[in-house]
Amino acid sequence: MKKKLLRKIILIFFLIASLSGALLLAAFLLLPEGRVPVDADPALADASEESFSDMPVSSPTPTPEPTPTPEPVFEEYDITLMALGDNLMHMGIVNTGRMEDGTYNYDFLFRDIREFLDTADIKIINQETIFGGNHLGFSGYPRFNSPTEVGDAIAAAGFNVVLQATNHTADQGIDGIYNCVSFWETYPEILVTGISGETPSEEIPLLEIGDITFAILNYTYGPNMATLPKNLRGHLNMLCAYDEGSGRIDFTTLNPQVTEDIRRAKELADIVVVCPHWGTEYQTSPSSYQKSFAREMTEAGADLIIGTHPHVPQPVEWITSENGNTSLCFYSLGNYVSTQKQALCMLEGMAWVTFHVTEDDVTLSKKGTGVLPMVCQYRYGPLRLDRICFLEEYTEELAARHGILGYGGVTLRLDELITWSQDIFGDFSLKKSDVLKTSDPLD
């Protein structure tokens, strides 16, 4: 009994102690923030609210600032431009493309320059002869009409610029020009310049490569006439001035429209390229009017001038105009293909120009810019195009087999070709390895 009574007393004591502790905790939690009951701890009896406010309080860990994303570094790059001279479709070359089934194919025209077409970003060819319409039949000198299949081969080869303003553009009249424009409309990816269809266009021809815009202008001195017929005006880009009333052409004065176009182009494009069809046939030196026109075009804002027409190559030079503008001028690249009978007409040049692009500018680079000398090789009996050779790979054996001996009674000699090339192109002469190792085409 006593043990039971003792256990009850102990149990009651623990219950009272537990209840007192709970009440004390509840009272503490209900006190205002920062207060401690004096009787809870005599050591804190004299502590005031102010003294507690001075006690250090731990601060929350600050959130780190995000690391800013660095601006991407601009990677400089090059844009390369190649240009060929007159694609002069004499009947011997037209017949070279005739297949056994009577169809025509001209892919062979560009097989020997395939690696350069694959490398360059801008690929220009001067289409000397008009695609006036296959239904008119094909003809050679003096009034050309060439198969549209030549244009198909140009497109298949990857050219993206075709120059059509030449002295043979009007060989099939205004309808021939319209037919040619209609044909090229089937290849909208190609910039065709120099002629307009039934609705004359005043737009500046533009080509975009990467972030850089090129304006490419093309003009001819005339249409093998002393006067410009009214029906050609607005459809054939004229290099030389002419009288609005009579149409008489002034071959010594630059058409004011040319400089106006260049100035407009300068506002729209980073680089202005002018391609004039000019000069004196078979002369390796530029005429006085070529030099005068080149200075005027440079002063108006032309950055690059690439000339055609003389059928033989002419020098390359830097031009500085009176207002300080500079340009690089290729006076003539000669022919690309032909079956002409003069030995010098077999020597030709492929222009190669390198533009260097930085974050703030694009400039014409002297490195990787110049001319690749080439030779047009044809055979005789029958008259057919054989191939295009690079002069650095040409041999005496090839020269001895050239069809110019049988067709024109002229002996072609390698040493003469080399001498002519050195005299005309000078320091601007390039080798294949110079071009292929310095090129950096855009993807």
- Residue pair D101, T103: steps toward the side-chain hydrogen bond (donor to acceptor under 3.5 Å, both in side chains) verdict: CA-CA 6 Å; D101 62 358; T103 61; 2.6 Å; yes
- Task: Please assess H277 against T308 for the test side-chain hydrogen bond (donor to acceptor under 3.5 Å, both in side chains), listing each intermediate value before the final yes or no.
- Result: CA-CA 5 Å; H277 201 69; T308 55; 2.8 Å; yes
- Task: Please assess S327 against D303 for the test side-chain hydrogen bond (donor to acceptor under 3.5 Å, both in side chains), listing each intermediate value before the final yes or no.
- Result: CA-CA 4 Å; S327 72; D303 299 290; over 6 Å; no
- Query: Between R111 and D107, does a salt bridge (charged side-chain N to carboxylate O under 4.0 Å, His left out) hold up when you go through it step by step?
  - Reply: CA-CA 7 Å; R111 66 190 176 196; D107 291 344; over 6 Å; no
- Apply side-chain hydrogen bond (donor to acceptor under 3.5 Å, both in side chains) to the pair Q340 and Y407, showing each step before the final yes or no. CA-CA 9 Å; Q340 291 191 295; Y407 186 51; over 6 Å; no
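Put simply, the side chain of L391 reaches to within 4.5 Å of the side chain of S421, judged on heavy atoms. In this structure, the side chains of W352 and T354 come closer than 4.5 Å at one or more pairs of heavy atoms. In this structure, I204 and L217 have side chains that are in contact, with non-hydrogen atoms separated by less than 4.5 Å. With contacts defined as side-chain heavy-atom distances shorter than 4.5 Å, the pair M374/L84 qualifies. Residues L81 and F355 meet the side-chain proximity criterion, which asks for heavy atoms closer than 4.5 Å.
Not less than 6.0 angstrom separates the ring centroid of F428 from the ring centroid of F330. Centroid-to-centroid, the aromatic rings of H90 and Y141 stay 6.0 Å apart or farther. Annotation: Y378 is not in aromatic contact with Y380 [ring centroid separation under 6.0 Å not met]. Between H356 and Y77, the ring center distance fails the sub-6.0 Å criterion. Aromatic ring centroids of F159 and F110 lie under 6.0 Å apart.
Side-chain atoms of S321 and T298 include no donor-acceptor pair closer than 3.5 Å. Between T363 and D361, the side chains place no donor N or O within less than 3.5 Å of an acceptor N or O (distance only, hydrogens not considered). Checked by atom type, the side-chain pair N179/S182 shows no donor-acceptor distance below 3.5 Å. A donor-acceptor pair shorter than 3.5 Å cannot be found between the side chains of E149 and N105. At a cut-off of 3.5 Å, with distance as the only test, no side-chain donor of H309 or D86 sits close to an acceptor on the other residue. Under the 3.5 Å distance criterion, with hydrogens and angles disregarded, no donor-acceptor pair is assigned to the side chains of Y219 and Q257. For S139 and N145, the side-chain atoms include no donor-acceptor pair closer than 3.5 Å. Side chain to side chain, Y187 and D152 meet the donor-acceptor criterion of an N or O pair below 3.5 Å. Counting only N and O atoms by type, the side chains of Q377 and Y394 include a donor and acceptor under 3.5 Å apart. For the residue pair T129 and Q127, a side-chain donor N or O sits within less than 3.5 Å of a side-chain acceptor on the partner.
Considering I305, D427, I306, V371 as possible partners of V316, the one that fulfils the side chain to side chain contact (heavy atoms under 4.5 Å, CB included) test is V371. Among the candidates Q283, Q314, E317, the single residue satisfying the side chain to side chain donor-acceptor pair (under 3.5 Å) test with Y331 is E317.
The CG atom of L328 lies 9.5 Å from the NZ atom of K366; values are rounded to the nearest 0.5 Å.
At distances below 3.5 Å, not a single donor-acceptor pair connects side-chain atoms of N335 with backbone N or O atoms of V337. Under the 3.5 Å distance criterion, the side-chain polar atoms of E392 are matched with a main-chain donor or acceptor of K432.
For E393, the CD atom is densely surrounded, since the number of other residues' heavy atoms within 6.0 Å is greater than 12. Within a 6.0 Å sphere centred on CZ of R248, other residues, nucleotides and ligands contribute 12 heavy atoms or fewer.
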